Amino acid sequence: MGDTSTRERRSEAGDIDMETRLAMYRSIVEIRTFEKRAYDLFLQNLVKGTSHLSLGMEAIAAGFGTAMRADDYTFCTYRGHAHTLARGVPMTPVMAELLGREGGLMAGKGGSMHLTSVEHGVMGSYAIVGAHLPIAVGAAWSAQARGSGQVAVCFFGDGATNIGAFHEALNLGAVWRLPVVFVCENNLYMEYTPIRSVTAVPNPAADRASAYGLEPIIVDGNDPDAVYEVAVRTIDRARSGQGPSLIEAVTYRHGGHSRADPGKYRPAEEIQSWMGRDPVPLYRARLSELGVADATLQDIDVEALRKVDEATEAAKASPPPPVDLVETDVWSDGSSTWRN
Amino acid sequence: MGDTSTRERRSEAGDIDMETRLAMYRSIVEIRTFEKRAYDLFLQNLVKGTSHLSLGMEAIAAGFGTAMRADDYTFCTYRGHAHTLARGVPMTPVMAELLGREGGLMAGKGGSMHLTSVEHGVMGSYAIVGAHLPIAVGAAWSAQARGSGQVAVCFFGDGATNIGAFHEALNLGAVWRLPVVFVCENNLYMEYTPIRSVTAVPNPAADRASAYGLEPIIVDGNDPDAVYEVAVRTIDRARSGQGPSLIEAVTYRHGGHSRADPGKYRPAEEIQSWMGRDPVPLYRARLSELGVADATLQDIDVEALRKVDEATEAAKASPPPPVDLVETDVWSDGSSTWRN
Amino acid sequence: MAELTYRDAVAAGIAQEMERDPTVYFIGEDVAAAGGVFKATVGLLERFGPDRVRDTPISEEAIVGAAMGAAMTGLRPIVELMFSDFLATCWDIVANQIAKTRYMTNGQVAMPLVIRTANGAGSRFGAQHSQALENWAMAVPGLKVVAPTTPADVKGLIAAAVRDPDPVIVFEAKSLYAVKGEVPDGEHVEELGRAAVLRVGEDLTIAALGPMVPRAVEAAGRLAEEGVSAEVIDVRSLVPLDTATILDSVRRTSRLVTVEENPRLCGWGAELVSIVAEECFDDLDAAPIRITTPHVPVPAADALEDAAVPSVARIVETIRANLG
Amino acid sequence: MAELTYRDAVAAGIAQEMERDPTVYFIGEDVAAAGGVFKATVGLLERFGPDRVRDTPISEEAIVGAAMGAAMTGLRPIVELMFSDFLATCWDIVANQIAKTRYMTNGQVAMPLVIRTANGAGSRFGAQHSQALENWAMAVPGLKVVAPTTPADVKGLIAAAVRDPDPVIVFEAKSLYAVKGEVPDGEHVEELGRAAVLRVGEDLTIAALGPMVPRAVEAAGRLAEEGVSAEVIDVRSLVPLDTATILDSVRRTSRLVTVEENPRLCGWGAELVSIVAEECFDDLDAAPIRITTPHVPVPAADALEDAAVPSVARIVETIRANLG
Ligand SMILES: Cc1ncc(C[n+]2csc(CCOP(=O)(O)OP(=O)(O)O)c2C)c(N)n1
Ligand SMILES: Cc1ncc(C[n+]2csc(CCOP(=O)(O)OP(=O)(O)O)c2C)c(N)n1
Ligand SMILES: [Mg+2]
Ligand SMILES: [Mg+2]
């Protein structure tokens with residue numbers, strides 16, 4: 001699926017400078033290390049509620065995060081740790097949010113499915129499949145209206161391509177020529193059900209592009225360079241007033257859908273073959289090939305682990321949120337008062 | 001728009017036998033006469049509430065109505081008088097429903113936007129744009145499950161192609177290969193807004209077909225023969241287990257969207273040109289050309305008028321519904337009781 | 001003071017705010033070129049141009065979602081839902097996204113948007129275009145909810161809703177669009193969360209909302225002829241709710257009657273009765289009474305629709321029976 | 001009697017009905033091959049095959065709409081909405097189509113379908129996966145609404161819902177899926193519209209629903225130690241509502257306390273209080289009290305979620321304060 005276009009992108013990606021590449025490597029390694037830790041903490045019963053990891057899918061967040069301007073907007077799903085970190089949100093509050101602590105990004109009120117950091121352009125993680133596509137369209141409309149030159153990038157899963165909000169958002173974004181980039185992370189599965197078994201076309205996003213007058217774009221979602229290249233191209237297009245794009249980034253999650261799901265519904269050979277396409281070792285190897293010293297890469301690995309350790313300790317040390325937070329911030333005056 | 005395919009269909013349509021053709025002529029004339037009367041009664045303030053006429057669009061209802069099997073299902077919109085009559089529902093209860101009388105098809109409880117006659121396979125007229133597409137899918141699923149060989153035909157406007165339910169229904173219908181035929185009556189306008197101004201593609205239905213693995217089909221919605229031919233082909237396909245079709249029937253309404261809307265937002269030349277494609281005189285002329293005696297056609301015209309007159313008088317003579325109907329038939333036991 | 005129809009007052013309210021604040025934008029189906037299906041937004045496109053006043057596709061989730069995204073990023077959008085019944089087609093965006101996002105983000109995200117929508121019965125449109133749905137919105141934490149009944153109030157409450165930093169749903173009364181009334185000259189802004197005592201009385205308090213308000217006033221007039229002195233309160237704002245005005249009134253009259261257009265179960269009147277029962281139980285001389293549409297969908301025929309929704313006669317009779 | 005978990009009782013209830021009636025079909029997201037995200041439908045695919053038990057795309061409008069179309073034409077479908085919060089994504093189909101169609105067609109159309117959905121807090125999932133939304137459904141004429149709290153009830157009420165000729169929404173308690181209880185052997189069918197008196201008492205009536213029921217029972221136990229005799233009613237069915245049982249109890253105890261998981265405004269407890277206030281006002285010795293989640297979205301962190309939803313301690317303290 002998408003092999004041709006994938007190969008094309010790879011060859012073009014020769015232009016990416018080394019600084020950018022190292023930034024992407026740092027990003028995927030940080031996400032990988034963070035997500036593994038989140039999983040460990042879940043097994044230790046320290047992560048409360050659910051959590052949806054991006055293990056194996058890091059290249060998409062890293063490629064886009066690196067290509068975006070500081071004031072661009074990210075809209076993502078419950079599977080949003082990666083996208084949040086990729087925009088430069090510090091690890092400690094993200095980790096603390098997973099643990100339901102006062103020091104969390106939303107002081108524990110949102111939880112792992114609702115990571116938000118307006119300061120970093122992370123305009124929310126949305127837990128209802130497809131809902132954030134229209135909302136991202138609205139942010140793009142606002143950017144257009146304000147002439148701010150900002151672009152909204154909206155990430156969603158393959159499963160979201162079959163919900164009504166997808167269709168409405170794509171059409172409105174196209175009709176109003178809005179600066180929005182729709183990125184479908186096609187990891188071949190919804191929760192436990194293969195996307196191909198419930199979708200009328202083989203490529204759930206790309207085969208829908210023409211319904212909105214858009215070019216079909218499929219990219220290897222495990223190749224940071226390929227993702228970066230398509231991100232730059234589509235974000236430029238959006239920023240220069242040429243309207244939205246729809247990208248299907250093909251990838252695979254290493255683990256289950258969420259929490260302790262062992263992902264047993266997936267054939268062993270399939271998992272095997274995708275493990276061979278793990279973005280972290282592959283990208284590391286590419287950078288080595290391109291002459292990056294092993295010490296440089298190792299420094300990045302070590303630094304990522306240090307950051308994650310630090311975040312873990314800080315998050316664990318943070319107390320539970322005070323219970324009066326239950327009744328704050330329904331309204332802009334900070335209260336939840338509904339009567340006089 | 002769609003001229004080539006239209007011409008194709010016309011040539012194939014030579015096979016239609018004369019009995020079928022006369023049935024279609026009768027159907028379009030009956031609908032035309034009924035709708036004009038409904039309009040008059042509206043002006044006389046006898047039609048309460050709103051009413052959405054199919055003047056100019058009769059060929060679609062007639063073509064499909066004639067091609068459908070007696071036990072097939074019709075799902076239509078608030079603009080549903082035509083489709084209801086085309087399935088053989090008697091005029092009097094339809095007219096009485098428009099007038100809000102006890103003798104109405106639903107004793108006045110539904111009104112002009114909700115015409116339903118289960119006995120005739122008319123499974124409802126739906127007033128929320130797009131909502132009935134998933135419901136029609138469900139009827140097709142039931143037909144498939146029961147092995148009944150029934151087909152569900154679902155009519156909707158161009159405007160409905162931009163709502164989420166359209167997308168979800170088309171995908172599910174295709175994935176489950178259901179016996180459902182989706183018919184978009186593209187009359188170029190939603191209420192007052194041209195469909196092209198809010199849609200990312202020129203053909204709001206046909207250009208979306210490939211998103212569901214379907215063939216794009218455009219047909220001249222003012223030509224009963226062309227509509228009939230495509231109806232037979234797609235209904236056969238559905239009945240034989242080959243799954244859904246999506247048809248865009250291009251047409252035009254002679255009047256406004258509803259009630260007393262004069263439709264002033266439409267350019268005079270556009271109206272003029274479409275008046276030249278009025279299905280009633282055109283089809284009459286074609287039948288004459290094919291050798292049908294004028295007297296035969298005139299008999300049909302006269303009989304239609306007689307039926308409409310009769311229905312009008314009967315409807316007017318029907319009393320208002322008794323007020324205790326307000327509290328009946330929420331539940332299957334006939335009551336509206338929510339407590340003991 | 002100028003005399004305006006309710007529908008013209010809607011347009012005047014929107015225009016006043018768009019004039020004042022360039023971040024106010026207005027979108028909806030058929031609202032621009034056609035001036036709205038109820039002609040409540042005529043002239044806005046001409047005055048503010050196609051960037052700020054836009055017709056949309058029939059895509060309620062997309063347009064209300066777009067309003068949300070815009071509100072989060074610096075605009076103050078107004079979005080029209082042609083009929084309040086269509087709230088159901090974008091209820092996830094309204095109830096799960098717009099209402100909850102500030103809270104979930106611990107106050108990071110602003111949500112200054114207005115949803116205006118035509119609400120209620122009276123047009124013989126049938127069950128899918130005639131609902132009174134204020135209670136759907138009231139039940140969702142994070143939404144403010146108003147239902148103006150006069151031209152002055154609709155202008156002033158739309159203005160207040162636009163200026164409010166939180167999401168507000170304005171339920172406009174479909175059946176009142178043609179009604180005329182005095183509207184103050186110049187800038188006019190009402191306050192959210194304030195009920196209006198329309199008639200002072202001693203024997204009982206009638207709390208009504210939307211098109212039930214003029215009926216309650218008329219009923220009070222008739223009851224007065226029979227020597228019953230009813231206080232009439234236009235609740236106006238369900239969230240925030242002016243419990244002070246209502247409780248104060250009930251404490252004086254010792255009786256409460258609510259008049260609701262919604263079907264019975266879980267209407268705003270139930271909430272009001274539960275507040276009154278809890279907070280001024282000892283002041284009550286008699287059981288609080290709710291007058292509502294029965295718990296049925298709205299029928300289409302004029303005879304049936306009129307019988308379903310509370311009428312002046314039903315209000316008078318119910319009160320009379322309960323006093324007797 | 002066998003001991004089953006609530007989740008296994010769900011599967012048992014569906015299986016019992018699919019076995020009995022070949023027109024019963026079951027669809028939903030991840031319900032077939034995976035047996036449901038709450039593992040409440042394990043084994044049904046294997047037992048009844050892929051025609052009758054089907055995984056669907058993430059298309060709530062399409063799948064609930066499909067259930068409606070199927071119900072109108074001869075099937076008795078059961079459709080799972082993975083979380084009740086997702087009702088918002090198909091609310092038009094539920095509230096405007098399924099609920100109203102029989103009425104609008106003057107009884108022509110049958111609508112025998114069941115929507116099952118996982119409801120409520122306790123899993124630290126945050127505001128979009130933790131709502132208690134029974135009142136949304138209760139407010140819509142044309143929907144029947146039940147909320148079982150025990151394995152026996154969930155089996156029996158699912159069976160009753162499938163057999164009922166009208167649309168029924170079964171709110172399953174997410175936080176009770178792991179709870180075990182005795183379930184009668186053989187065919188087991190409950191009755192819709194019947195409350196259960198779980199504990200007889202004299203001093204006050206506690207009416208609770210869903211996961212608030214075990215808390216109310218525990219609270220009553222603690223109060224008993226203090227000499228307060230509380231009657232506990234599991235409301236079970238909101239529509240039809242067993243007002244007879246509730247009114248009878250309140251007439252005897254003269255006090256009513258509702259325990260609701262929903263946020264305050266327009267909850268089912270408000271409706272109950274308004275009925276009690278209207279129909280047995282003179283029997284009441286004190287103001288009816290509502291204990292609810294405050295009117296806020298559900299927070300995610302364990303400490304916050306536990307503080308938001310009514311707890312045994314809060315029930316005990318509130319009642320104690322009101323008796324004191
Ligand atoms: C409207 C809606 N339906 C169902 C769900 C439950 N759900 C959560 S994630 C998920 C699968 C989503 O799959 P996909 O879009 O491919 O994203 P992925 O999790 O694979 O990243 C489902 C069904 C939901 N959150 N929202
Ligand atoms: C969800 C929804 N949004 C808006 C409306 C109001 N409305 C009724 S008809 C209509 C125009 C529909 O246009 P189209 O689908 O082209 O059908 P036509 O009336 O032209 O036959 C609109 C916007 C509605 N009924 N439902
Ligand atoms: Mg996926
Ligand atoms: Mg149209």
Side-chain angles (χ1 to χ4, degrees), chain A residues 47-50 78 97-102 104 106-114 125-131 157-166 190-195 197-200 204 257-258 261 264-265 319-330 336-339, chain D residues 27-39 45 50 54-63 65 82-83 85-90 92-93 121-131 263-266 293-309 311 314:
Chain A
V47 169
K48 302 305 167 66
T50 184
Y78 50 88
E97 190 65 30
L98 269 52
L99 270 58
R101 303 300 169 94
E102 183 173 19
M106 295 92 71
K109 284 172 99 160
S112 108
M113 298 206 287
H114 298 292
S125 307
Y126 297 80
I128 308 277
V129 168
D158 43 284
T161 63
N162 290 327
I163 203 158
F166 167 88
M190 307 190 295
E191 299 215 0
Y192 314 133
T193 305
I195 187 68
S197 69
V198 295
T199 310
H257 170 72
S258 66
D261 165 30
K264 290 254 172 74
Y265 40 88
V323 296
D324 46 324
L325 279 191
V326 167
E327 301 195 51
T328 62
D329 279 315
V330 171
S336 62
T337 308
W338 52 268
R339 59 178 290 184
Chain D
I27 62 172
E29 296 162 13
D30 303 295
V31 300
V37 299
F38 296 104
K39 300 282 170 239
L45 171 65
R54 279 196 188 181
D55 285 319
T56 70
I58 308 176
S59 306
E60 276 77 5
E61 285 196 280
I63 70 181
M82 200 185 282
F83 286 78
D85 312 71
F86 309 162
L87 277 167
T89 65
C90 52
D92 176 61
I93 302 287
S123 307
R124 291 74 169 95
F125 285 166
Q128 295 182 337
H129 281 68
S130 308
Q131 295 172 86
R264 159 102 201 191
L265 297 182
C266 298
T293 295
H295 204 61
V296 301
V298 183
D302 43 357
L304 299 180
E305 193 182 44
D306 287 342
V309 176
S311 62
R314 178 139 70 96

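Keep in mind it's a predicted model, so treat the numbers as computed, not measured. Letters A, B, ... mirror the listed sequences (proteins, then strands); counts begin at 1.
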Could you tell me whether a side-chain N or O of D/S59 sits under 3.5 Å from a main-chain N or O of A/N162, the two making a donor and an acceptor?
yes
Can you give me every donor-acceptor pair (side chain of residues 294-307 of chain D, partner residue at least two apart or in another chain, under 3.5 Å) with its distance?
from   : atom 1 : to     : atom 2 : distance (Å)
D/H295 : ND1    : D/L265 : N      : 3.2
D/H295 : NE2    : C/M138 : O      : 3.3
D/D302 : OD2    : A/K48  : NZ     : 2.7
D/E305 : OE1    : D/G122 : N      : 3.4
D/E305 : OE1    : D/R124 : N      : 3.1
D/E305 : OE1    : D/R124 : NH1    : 2.6
D/E305 : OE2    : D/G122 : N      : 2.9
D/D306 : OD1    : D/R124 : NH1    : 3.1
D/D306 : OD1    : D/R124 : NH2    : 3.2
D/D306 : OD2    : D/R124 : NH2    : 3.0

Given a strict heavy-atom distance threshold of 4.5 Å, which part of [X] is in contact with chain D: side chain, backbone, both, or neither?
| X | result |
| --- | --- |
| A/Y192 | both |
| A/A107 | backbone |
| A/V323 | both |

Side chain from CB out, backbone as N, CA, C, O: work out which of these in [X] comes under 4.5 Å of a heavy atom of chain A, or both, or neither.
| X | result |
| --- | --- |
| D/A308 | both |
| D/R264 | side chain |
| D/Q128 | both |

With D/H129, which residues qualify under ring pair (Phe, Tyr, Trp, His ring centres under 6.0 Å), at least two apart?
D/F83, D/F86
Against chain A, work out which of D/T293, D/T89, D/V37 has the most heavy-atom pairs shorter than 4.5 Å and name it.
D/V37
Taking every non-hydrogen pair under 4.5 Å, which of A/G108, A/G104, A/G100 racks up the most with chain D?
A/G108
When rounded to the nearest 0.5 angstrom, what distance separates [atom1] in [X] from [atom2] in [Y]?
| X | Y | atom1 | atom2 | answer |
| --- | --- | --- | --- | --- |
| A/S125 | A/H114 | OG | NE2 | 8.5 Å |
| A/I195 | D/I58 | CD1 | CD1 | 6.5 Å |
| A/I163 | D/E60 | CD1 | CD | 4.5 Å |

